2 protein chains.
Amino acid sequence: MSMKSKSTSELKASIHRVEEICKSNKLGLTEIRKQVFEIIVKNNKPIKAYEILDKIRNINNKPSHPPTVYRAIDFLIENGFVHKLNSINSFVGCFHPKAHKECYFLICKKCNIYQECCDDSLKDRISKTAIHNNFVISNTTLEIEGHCLDCSQK
Amino acid sequence: MSMKSKSTSELKASIHRVEEICKSNKLGLTEIRKQVFEIIVKNNKPIKAYEILDKIRNINNKPSHPPTVYRAIDFLIENGFVHKLNSINSFVGCFHPKAHKECYFLICKKCNIYQECCDDSLKDRISKTAIHNNFVISNTTLEIEGHCLDCSQK
DNA sequence: ATTGCAATGTTATAACATAACATATATTAT
DNA sequence: ATAATATATGTTATGTTATAACATTGCAAT
């Protein structure tokens, strides 16, 4: 599988799914939160908080400040709609929220496109490793950096 | 296995090992680099760059600046003597440098002690996941946060 | 001795993130 | 409908993490 950016319809579906989840769970998907989510998912690549801030400023044509963005991000992460990539201080949308709270990633260093890789065998293996060490997992960061098929062929 | 801090002899051995590796590989283990390495390994817990900086200032009793510490850290990471935990912006010593360049971690949120967990089956599983996605790995961040045996029993 | 190079010193600032408090908006209970 | 409450946002300031850029030092090779 090569790493492709999401189609317009996938994006729409993703946004719609988040709206539905918020509606049915009575989560306040406010204008800003929605804007931030759309900016993140439409970006295809991991995006940084201050890049989001710039876009928010352009959209709304008024001053905005870091806390506004970070709060929206917090909300989106808490509810599993967005993930943070710690290795590059960037944020990505989640395309199957609620399916899992943990998410593993492949991140291409060249084209910057990312992809989730949360297969169960990997999850199991990590879980076994934790058990073997008498360790109770609360959250896992797995970020695999390298080159995707397209970029490693160039 | 519970997460214990390293004994004095383990620390000495670790420092000695690094010295030997540098000697045989003609790597310049300068005074500062050595100081930073010792601070990191002796700390038992992940340590932050500015905490290292404070300690360096105390040791040498003269002004030091962030680049001094970050450069030393870069050297130590490049040569596999130290790892960065991206999820908590902290640094830890590696107790088997050169055995592998990648390192996976269990990090206890309560006592902050960390432990490497680089078993081969986990390595294999990650490798397979990458292959399955036609992805060439250059480096992997795996940080499992949670509670160690001791802390989860308290 | 001079050149070249690796490491360190120094100043400044970039990049990332949150504390604290004020204000506004939505929700709920009366 | 209104007051009380909770939730969200605005705003200022600052804390935290990390690097750019350039000067200086020390040492090795010619």
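Naming convention: chains lettered A, B, ... in sequence-line order (proteins, then strands); numbering from 1 in each chain. Nothing here was measured: the structure is a model prediction, and the numbers come from that model.
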OP1 or OP2 of C:dT18 less than 4.0 angstrom from a side-chain nitrogen or oxygen of A:Tyr70, does that happen here?
no
Given D:dT9, C:dT8, C:dT10, identify the nucleotide with an atom nearest to the side chain of B:Pro63.
C:dT10
Taking for each residue the nucleotide of DNA chain D bearing the nearest heavy atom, is the 5' side occupied by A:Ala72 or by A:Pro66?
A:Ala72
When you check the phosphate oxygens OP1 and OP2 of C:dA15, does a side-chain N or O of A:Asn89 lie under 4.0 Å from one of them?
no
B:Asn86 has an atom CG; how far is it from atom P of C:dC16, in whole Å?
13 Å
More than 12 heavy atoms of other residues, nucleotides or ligands under 6.0 Å from NZ of B:Lys12: is that the case?
no
Which residue, A:Ile88 or B:Glu31, contacts DNA chain C at a nucleotide closer to its 5' end, judged by nearest heavy atom?
B:Glu31
Report the distance from atom OH of B:Tyr50 to atom P of D:dT16, rounded to the nearest whole Å.
11 Å
Closer than 4.0 Å, any side-chain N/O of B:Lys48 to the OP1 or OP2 of D:dT17?
yes
Side chain of A:Lys62 only, please: which of D:dG10, C:dA17, C:dT18 is the nearest?
D:dG10
Do B:Lys6's NZ or CZ and the ring of B:Phe95 fall within the cation-pi criteria of under 6.0 Å and 45°?
yes
Between the side chains of A:Glu145 and B:Ser138, is a donor N or O closer than 3.5 angstrom to an acceptor N or O?
no
Given C:dT10, C:dC16, C:dT18, the nucleotide with the shortest approach to the side chain of A:Pro67
C:dT18
Rounded to the Å, how far apart are A:Leu53 CG and C:dA15 C1'?
12 Å
If we count only N and O atoms by modelled type, under 3.5 Å, do the side chains of A:Gln115 and B:Asn133 hold a donor and an acceptor together?
yes
Look at the side chain of A:Thr30 and decide which nucleotide, out of C:dG9, C:dT18, D:dA8, has an atom nearest to it.
D:dA8
Base, sugar-phosphate, or nothing: which does A:Lys84 touch, judged by heavy atoms less than 4.0 Å apart?
sugar-phosphate
Pair A:His83, A:Glu116: side-chain N/O donor-acceptor within cut-off below 3.5 Å:
no
Tell me: CG of A:Asp54 to P of C:dC16, nearest whole Å?
11 Å
Whether A:Lys48 engages the ring of A:Phe91 as a cation-pi pair (distance to the six-membered ring centre under 6.0 angstrom, angle to the ring normal within 45°) should be assessed.
no
Could you tell me the separation between the NE2 atom of A:His65 and the P atom of D:dT14, rounded to a whole number of Å?
15 Å
Atom CZ of A:Arg57 to atom P of D:dG10: distance rounded to whole Å?
12 Å
Looking only at side-chain atoms of B:Arg71, point me to the closest of D:dT17, C:dA17, C:dT8.
C:dT8
note: A:Leu85, atom CG; C:dA17, atom P; distance rounded to Å ~ 12 Å
Using the side-chain heavy atoms of B:Ile32, tell me which of these nucleotides is nearest: C:dT10, D:dT11, C:dT8.
C:dT8
Distance check needed: D:dA20 P versus B:Asp74 CG, whole Å only.
10 Å
Choose from C:dT10, D:dT19, C:dA7 the nucleotide whose nearest atom is closest to any side-chain atom of B:Thr68.
C:dT10
